[in-house]
> 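Below is a structure I'd like to ask you about.
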Amino acid sequence: MTDSAARLANDFIRQIIRRDLAQGKNEGRVITRFPPEPNGFLHIGHAKSIVLNFGIAREFAAADGVRETRCHLRFDDTNPSTEDLRYVEAIQEDVQWLGYDWGEHLYFASDYFEEMYSFAQELIRKGLAYVDSQSEKEIRERRGTVTEPGIPSPHRGRSVEANLDLFRRMRAGEFAEGEHVLRAKIDMASPNMLMRDPLLYRIRHVEHYRTGDEWCIYPLYDFAHPLGDALEGITHSLCTLEFENNREVYDWLVENTSVPYRPHQYEFARLNLDFTIMSKRKLLRLVKEGDVEGWDDPRMPTIAGLRRRGITPQAIRTFCEMIGVARSDSRVDMGKLEYAVRDDLNQKAPRVLCVLDPLKVVITDWPQGKTDELEAPHYPHDVPLEGSRILPFSRELYIDRDDFAEDPPKGFRRLVLGGEVRLRYGYIIRCQEVVKDAQGRITELRCTHDPGSRGGSAPDGRKVKGTIHWVSAAHALPCRVRLYDRLFTVPDPDAAAAGRGEDGDIRDFLNPESLEVKEGALVEPSVADDPPDTRYQFERVGYFWRDPVESEGDALVFNRIETLRDTWAKVGTKLAAGGVEREGRDAPARRKGRDGSEDGAAGEPHAGEPGAPPELPPEVKARATELESQFQLERVDAEILARDAEVERFFRVAVEEWPDGALPLANWIINELPPLQGDRPLEALPFGPGELAELVELVEEGTISSSGGRQALEVLARDGGEPGAIVERLDLAQISDPTVLRPIVLDVVEAHPDKVKAYMTGKKGLMGFFMGQVMRETRGKANPEVAKGLLSEVLDG
RNA sequence: UGGCCCGUCGUCUAAUGGCAGGACACCGGUCUUUGGAACCGGCGGUGGUGGUUCGAAUCCACCCGGGCCAACCA
């Protein structure tokens, strides 16, 4: 597998969509949405969501059984005090720049205010919402805590008429902010805090950037979001993990209002990237406090920042596909983004020469005033693009200061006194003399050249290890180069700040060296003719492009998009670590690895001790003891059965049906039933203890295999029925006859000669593979002992 | 602490009861007029303990660790 990106993504969300499609849900529609709040700029975490949502719409358009796919852009603008048109515009620009198109499906939650108002009235009429007139503080205090239930509002019992009237007057502007709110009437004792009568509407006498002063009541997220989704016919509403608890409210709302569609919410892990932050609020603060130059500062993780830095939309999309989509909290290594950026630019960036820190080189045997025009290709041999430019070569040149060493570290392949080096596309030169100023600083190198090496190849075929970049002093263009590094000094600034307690501040972990400006850099003259948005590789240095903001007019200001991989810098770091006083080029500039992670974990707590059994209510314990002695069950099993009276009853009735089957019945009830049960109560199952007993007995007596038993149980749990009949209908009778099984076993073995060889040479784990094949062939009907015996007979000789 | 969710190489992510695989990173090598790219090879993982099963990363129980929830934010 050389191209992982080519492999179609199959994350859990796409699996759900495929499943829904296969089951004919939503009439073959796959409709997603990206729902930003216009209260800040989008960042790379949003890019993950954009690529997911728009990517799904694009991808599934061609899938089987699909009638329609699309992805909406919906502004979730229900909070007038933080939102602004300027953000709406910036967000649209960012989404488009990333390469996505919402077509005509641009929506605003604020466009639904009237409809939402009607849904609120509907809830009131159904007795499912009420106007609460407690103060904000009272509401908060009476919500209870995670361990204690809340206290119902004294206004919870208001009549439908009173609620309707009050709500109408809220809208009419008769009340001040905070005087009343509209609340859903759900459950003040719910273990899910969000279900404790969530607020639906609040009064805000604030002008909304779109609806002006048309409204003075505004819906809250929990109310507006599901309704917006439903109104737009969203089928799969994808959001991040922190909204997990909100799903219960979401479902409650779409089930209790007469919305046209029934959308479903699925949550995935938001993106966390090392050495940066993703909170819009915190990013806004960096902007406001001047820590960065704006939302589009190239150090920012914002789309605008990445764009200004020079990163391409393709690189961001690739990155998003590389990191995948899952449900576990994660933190992605910067290296992954860097890889995506380099991989993209390597394929398209023309190569040019630029000297960041110039050191003068005089070619003493080069005639004064003579200029040689060298043709240099824009791309290396392995990039399939054409193009070249002219590189002027003259007596006075500049090279980068760290491409010369008076006292070279081991392995140094660049210029040294008395040594040779190749000037890229130019000549091989030899350093004859080092000129220093009064302070001992090197000011000039005096070199001679090999006239026969024009273009860089030695006429006599001698090996010149080093090749360095250079510019001609008389022709080079002065420029400013901005080198960016990570914004923070620690991988997880939020955690680091939190680790400092109350007054922890992420700004304490800002990297003071996140921007280094090279004022006196010199770039080859050819760049003057290029389009201003050209992304270059400055050979041996990194990828750069002209800063679109600072490069007004002729000013040449370059941003470093990304460094090149630099194995020499790594050697330098290692040498330094080994106590050798040497530094590779740039070595200290980039901190690799997870330094700064502070507090080394001392004294890991030990996991896995058996641990005291959970403290059960005495009554449960007593019933467990009873079960334990009555049926000779293991204590743990007895307790599991006793924990739920309904489960215990189920078990007891089943045992009545089959008195000898207590143990297997307990096993099946404990281990096999729960996953099939889902969230249905036992009583809601389409079968009872009698059927289970019958089924388990069929397994125990060998009529069907345990695998067959599980298959039958699946059917039983789904459709109900009579076990014997199911076994009959599905043809699940166990195959224990060796004469029947043997040919199947032989077939399986013959079909996999390579596996057999591997097995013979010791890979015994393959027995599971062969068993699996036999089971597959027999649809789980093979008697495992017999099959295994046969297999072992064949394979082990 | 109540509820919900999540634990797979250093990192991200597959395997949906049947061979623990890929990517990034790292290490070594080949090649090289970029210490780039490419290519080849290597290192390295199912949090723990029990149980169910012929077979468990996957199902069950407990433990450990992590996340989210007590805004009139989203």
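The chains referred to below are lettered A, B, ... by the order of the sequence lines, with proteins before strands, and numbering in each begins at 1.
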> B:G66 and B:C12: how far apart are their P atoms, nearest whole angstrom?
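Looking at atom P only, B:G66 and B:C12 are 16 Å apart.
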> Round to a whole Å and report the spacing from CG of A:D274 to P of B:U11.
10 Å
> So for A:K336 and B:A23, does any side-chain atom that can act as donor or acceptor lie under 3.5 Å from a complementary atom in the base?
yes
> Would you measure the distance from the C1' atom in B:G44 across to the matching atom in B:C24 and give it in whole Å?
14 Å
> For atom C1', what is the distance between B:A14 and B:U8, given to the nearest Å?
10 Å
> How many whole angstroms separate atom CZ of A:R643 from atom P of B:C60?
12 Å
> Quick test of your reading: applying salt bridge (charged side-chain N to carboxylate O under 4.0 Å, His left out), list the pairs with at least one residue in residues 194-203 of chain A, sequence neighbours left out, ordered by first then second residue.
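Of all non-adjacent pairs touching residues 194-203 of chain A, those that pass salt bridge (charged side-chain N to carboxylate O under 4.0 Å, His left out) are A:R156-A:D197.
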> Taking donor-acceptor contacts at under 3.5 Å, does the side chain of A:R565 reach the base of B:G35?
no
> Could you tell me which residues satisfy salt bridge (charged side-chain N to carboxylate O under 4.0 Å, His left out) with A:R422, sequence neighbours excluded, listed by chain and number?
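Partners of A:R422 under the salt bridge (charged side-chain N to carboxylate O under 4.0 Å, His left out) test: none.
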> Give the rounded distance in Å between these two atoms: CZ of A:F34 and P of B:A74.
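Those two atoms, CZ and P, are 16 Å apart.
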> Restricting to nitrogen or oxygen on both sides, can you table the protein-nucleotides 67-71 of chain B pairs closer than 3.5 Å?
{"residue": "B:G67", "atom": "O2'", "partner": "A:D329", "partner atom": "OD2", "Å": "3.1"}
{"residue": "B:C68", "atom": "O2", "partner": "A:N245", "partner atom": "ND2", "Å": "3.1"}
{"residue": "B:C69", "atom": "O4'", "partner": "A:N245", "partner atom": "ND2", "Å": "3.0"}

> Output yes when at least one side-chain N/O atom of A:S330 is less than 4.0 Å from OP1 or OP2 of B:U11, else no.
no
> Using a strict 4.0 Å threshold on nitrogen-to-oxygen distance, state whether A:R540 and A:D566 make a salt bridge.
no
> Please determine if A:R14 and A:D11 form a salt bridge, counting it only when a charged side-chain N lies under 4.0 Å from a carboxylate O.
yes
> Using the C1' atom as the reference point in each nucleotide, state the distance between B:A20 and B:C63 in Å, no decimals.
25 Å
> Side chains of A:Y536 and A:E524 only: does a donor on one sit below 3.5 Å from an acceptor on the other?
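Side-chain D/A pair, A:Y536 to A:E524: absent.
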> Could you list the residues that satisfy side chain to side chain contact (heavy atoms under 4.5 Å, CB included) with A:S49, not counting sequence neighbours?
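Only A:F34, A:N53, A:F268 meet the side chain to side chain contact (heavy atoms under 4.5 Å, CB included) criterion with A:S49.
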> Can you give me every donor-acceptor pair (side chain of residues 375-382 of chain A, partner residue at least two apart or in another chain, under 3.5 Å) with its distance?
{"residue": "A:E375", "atom": "OE2", "partner": "A:S388", "partner atom": "OG", "Å": "2.7"}
{"residue": "A:H378", "atom": "ND1", "partner": "A:R351", "partner atom": "O", "Å": "3.4"}

> Rounding to an integer number of angstrom, what distance separates B:U1 and B:C72 when you compare their P atoms?
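Per the computed distance, 26 Å lies between those P atoms.
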> Taking the P atom of each, how far is B:U58 from B:A74, in whole Å?
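So the two P atoms sit 41 Å from each other.
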> How do A:S706 and A:M775 order along RNA chain B: which one's closest nucleotide is nearer the 5' end?
A:M775
> My understanding is that only residues two or more places apart in sequence, or in another chain, count here; which of them pass side chain to side chain donor-acceptor pair (under 3.5 Å) with A:Y759?
A:D796
> Sequence neighbours excluded, which residues qualify as ring-ring contact (aromatic ring centres under 6.0 Å, His included) partners of A:W470?
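Listed in chain order: A:F393.
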> How would you list, by chain and number, every residue that makes a side chain to side chain donor-acceptor pair (under 3.5 Å) with A:R281, sequence neighbours excluded?
none
> Just to verify, what does A:H752 make a ring-ring contact (aromatic ring centres under 6.0 Å, His included) with, not counting sequence neighbours?
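Result, ring-ring contact (aromatic ring centres under 6.0 Å, His included) vs A:H752: A:F769.
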> Which parts of residues 667-677 of chain A get close to RNA chain B, meaning a heavy atom less than 4.0 angstrom away?
A:N667, A:I670, A:N671, A:E672, A:P675
> Can you name the salt bridge (charged side-chain N to carboxylate O under 4.0 Å, His left out) partners of A:E83, sequence neighbours left out?
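Expected list: none.
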> For nucleotides B:G21 and B:C4, find the distance between their P atoms and express it as a whole number of Å.
35 Å
> If the P atom of B:G17 is compared with that of B:A56, how far apart are they to the nearest Å?
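Those two atoms are separated by 14 Å.
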> More 5' along RNA chain B: A:G426 or A:V325, using each one's nearest nucleotide?
A:V325
> In whole Å, I'd like the distance from the CD atom of A:E267 to the P atom of B:A74.
18 Å
> What stem regions, each of at least 3 consecutive Watson-Crick or G-U pairs below 3.5 Å, can be found for RNA chain B?
B:2-7 with B:64-69, B:10-13 with B:21-24, B:26-30 with B:38-42, B:47-51 with B:59-63
